[in-house]
Amino acid sequence: MSGRRGSTETENSPHRAGGRRTAGQAADPGKGGADKDISDTRPTSRAKPKPKRSTKQKVLWVTAGCTALLVLAGGAVYYRLNSNITTFDGDALSKDRPEAAAPDAQGRTPVNVLMIGSDSRGNGNSDLGGGGDDGARSDTAILLHVYADHKHAVGISIPRDSLVNIPPCKLPNGKWTKEQTNVMFNSAFSVGNTDQGNPACTQNAVEKLTNLRVDHTIVVDFSGFAAMTSAVGGVEVCLPNDIHEGDLNPNLGHKGKLVFAKGKQKVSGQAALDYVRVRHGIGDGSDIGRTKRQQAFLSSLIKEVKSKGMDPTTLLPLADAATKSLTVDPDLGSAAKLMSFAMSIKDVDLHNIKFLTAPWRYEGPRVALLHPDVDQLWAALKADRTIDGQDASAQSPAATDSAAPSAAPTAEATPTPAADAKNAEIKVAVLNSTGESGLGSKGAEAVKGAGYTVTTVGNAAGKPRSTTVVEYGTGERTAAESVAKLFPGATVQPGGRGLSVVLGHDFAAANPASAAASAPGAPAPLPTSVSGTARSADDDPCANVSYG
């Protein structure tokens, strides 16, 4: 190449291009080579100047080059994300599994995803507070049901101390265990005692418990969780009281320094991990309270990610952080498959993402799942019914976001006062006093639609009321009267601290249960003890974050 460049430079030198040299003109020693015969004037075709490329040609070449770079960069990103992902052994799944959900009339299929949080000491997790023993443990398990319309989803937390039956599971040496009865739910993940845990065994246990086919399982470890929260710039959380070092580590023996101050704050990395793991110093210190905080945290995380939109500067670091820490089933074992699944649920509205804990009761130091409530919950999901009794499979895409209008006036159909910016500062609890499922959520939607902040959706104590009442505390009568306008016929009365809407039978009459919910063969409606405790992803982060 250097010889060719030298010959070109000589042929295109100023002495060639300008014609012959005059007698006695010496060769320029700086141009290299010996003197030429100054009388040599033979013409050569190489002396012709090269044609210049047009501007259009230059643009095409630049565009092609940039496109090539983008393709190469995209390929590099895809390869990187792909190489991050770990899959578990699909042969370890039970051979006796529930049938997969069938597509509905429009070809849409509900999807069940099991999400597991692992405290393995491997992969740098010990520096973030991973389990003190060998092997991996799981303190978090959520079964996410994405409805057929892919516009509603509900995440069911299964308490780690729940007493369940665990079917046979595959060990690392290839042998299978015997069925275990009445053991702690989170022990399934520890079968085999490896740093990777046993997600297939946990999936087997969930399918046995729920009679639902789990389509995908995703395990996230501590380091990945911390990295994901940092990638989105932190997540807003809330605590009902101050938390100190002694609350995070009861073995410390003293109160220690302040870790979290009471109220709202943004956390990321180690602080985010501490938030979702803390048990003591809040409520009764139980795992049930921690489950509620985890649900609030996931709601805020989803809200944060959705607020970023499709911004690559956020999504690529988030995807990189997530895939580095994921162990998934073989059917999700590539970046393309994970992206396809993520895109399939991107249009679920925050208010239509619900979280609740499987119905439970204390049984000594452990937790027993409450029958028949929990059985009705699994049956509702199997029938693809939302927790307020709607048949998601039967809804058309155009009708998903709003129910068909009924003859009776409903909270949604009733004209509401124009939302005022100050309304967001007014906090309202919505309590169902009717005994009918799903009405608390409907009442909360009306309150939120007027711009107020809903702090709690639950059941009212005492006897059922015939009419809806808005109760208020000192100095809140004016706000109570404004809220009461959302519920025709409602009255206002003093009632302790804060604003509370207590729904009566008049509200139930204006919002009859859907015909689909009472259709022959449909599962029984969920009791309000289940549906009334659900939180939406758009709820106030300070609401419902402790128990006891």
- request: Measure the CD1-CG distance between Ile282 and Asp247 for me, rounded to the nearest 0.5 Å.
  value: 7.5 Å
- prompt: Are the aromatic ring centres of Phe355 and Phe297 under 6.0 angstrom apart?
  reply: no
task: Kindly indicate whether the side chain of Val501, heavy atoms from C-beta on, has any atom under 4.5 Å from the side chain of Thr468.
output: yes
- prompt: Do Tyr147 and His145 have ring centroids that are under 6.0 Å from one another?
  reply: yes
message: Is a donor from one side chain sitting under 3.5 angstrom from an acceptor on the other, for Lys427 and Thr453?
response: no
message: Assess the residue pair Asp539 and Lys448 against the criterion (salt bridge (Lys or Arg N to Asp or Glu O under 4.0 Å)); give the C-alpha distance rounded to whole Å, side-chain angles, the decisive distance to 0.1 Å, and a yes or no.
response: CA-CA 9 Å; Asp539 281 356; Lys448 288 179 180 178; 2.6 Å; yes
message: Go through it in stages, so that I can follow the logic: the residues are Glu471 and Val502, the test is side chain to side chain contact (heavy atoms under 4.5 Å, CB included), and I'd like the CA-CA distance, side-chain angles, deciding distance and then a yes or no.
response: CA-CA 8 Å; Glu471 298 179 345; Val502 185; 4.2 Å; yes
query: Closest approach of Lys264 and Cys542, non-hydrogen atoms and distance?
result: CG-SG, 3.5 Å
query: Between the side chains of Thr140 and Gln294, is a donor N or O closer than 3.5 angstrom to an acceptor N or O?
result: yes
- prompt: Any donor-acceptor pair under 3.5 Å linking the side chain of Asp384 with the backbone of Ala148?
  reply: yes
message: Using the rule given for side chain to side chain contact (heavy atoms under 4.5 Å, CB included), can you reason through Val113 versus Val111, listing the C-alpha separation, both sets of side-chain angles and the distance that settles it, and then say yes or no?
response: CA-CA 6 Å; Val113 182; Val111 181; 3.9 Å; yes
query: Can a donor-acceptor pair be found between the side chains of Tyr362 and Asp284 at a distance below 3.5 Å?
result: yes
- request: Taking the side chain as every heavy atom from C-beta outward, state whether Leu338 and Leu326 have any atom pair closer than 4.5 Å.
  value: yes
field: Spacing of Arg361 atom CZ and His371 atom NE2 [to the nearest 0.5 Å]
entry: 8.5 Å
query: For Tyr452 and Ser482, what are the C-alpha separation, side-chain angles and deciding distance, and is it a side chain to side chain contact (heavy atoms under 4.5 Å, CB included)?
result: CA-CA 10 Å; Tyr452 299 101; Ser482 296; 3.3 Å; yes
- prompt: Which atom names give the shortest non-hydrogen contact between Val267 and Ala272, and what distance separates them?
  reply: CG2-CA, 3.7 Å
- request: Answer yes or no: is there a side-chain heavy-atom contact under 4.5 Å between Arg160 and Ser138?
  value: no
query: Strictly by modelled atom types, are Asn511 and Lys442 linked by a side-chain donor-acceptor pair under 3.5 Å?
result: no
- request: Indicate the ring-plane relationship of Phe260 and Tyr275, choosing parallel, tilted or perpendicular according to the 30° and 60° boundaries.
  value: perpendicular
message: Quick check: closest heavy atoms across Ser531 and Ile387, and the distance to 0.1 Å?
response: CB-O, 3.6 Å
message: Nearest 0.5 angstrom please: Ile142 CD1 to Leu114 CG, how far?
response: 9.5 Å
query: Taking atom CG of Leu350 and atom OG of Ser307, what is their separation to the nearest 0.5 Å?
result: 9.0 Å
query: Does a donor on one side chain and an acceptor on the other come within less than 3.5 Å for Gln203 and Thr217?
result: yes
message: So His505 and Arg465, do their side chains get closer than 4.5 Å, heavy atoms only?
response: no
- prompt: So which heavy atom on Leu439 is nearest to which on Leu503, and how close?
  reply: O-CD1, 3.4 Å
- prompt: Should the pair Lys266-Glu304 be classified as a salt bridge under the 4.0 Å nitrogen-to-oxygen rule?
  reply: yes
query: For the side chain of Thr291 and the backbone of Asp287, is there at least one donor-acceptor N/O pair under 3.5 Å apart?
result: yes
field: Atom pair CD/NE2 of Glu245 and His254 - distance to nearest 0.5 Å
entry: 6.0 Å
Distance-only polar pair, side chains of Asn211 and Glu207, donor-acceptor under 3.5 Å: no
Derivation of the side chain to side chain contact (heavy atoms under 4.5 Å, CB included) call for Asp349 and Lys151: CA-CA 7 Å; Asp349 184 75; Lys151 290 186 180 297; over 6 Å; no
task: For residues Phe185 and Trp360, establish whether the separation of their ring centroids is below 6.0 Å.
output: no
field: Lys/Arg N to Asp/Glu carboxylate O, Glu481 vs Arg477, below 4.0 Å
entry: yes
- request: To the nearest 0.5 angstrom, please state how far the OG atom of Ser299 sits from the CZ atom of Arg535.
  value: 5.0 Å
message: For a quick check under 3.5 Å, do Gln295 and Ser157 share a side-chain donor-acceptor pair by atom type?
response: yes
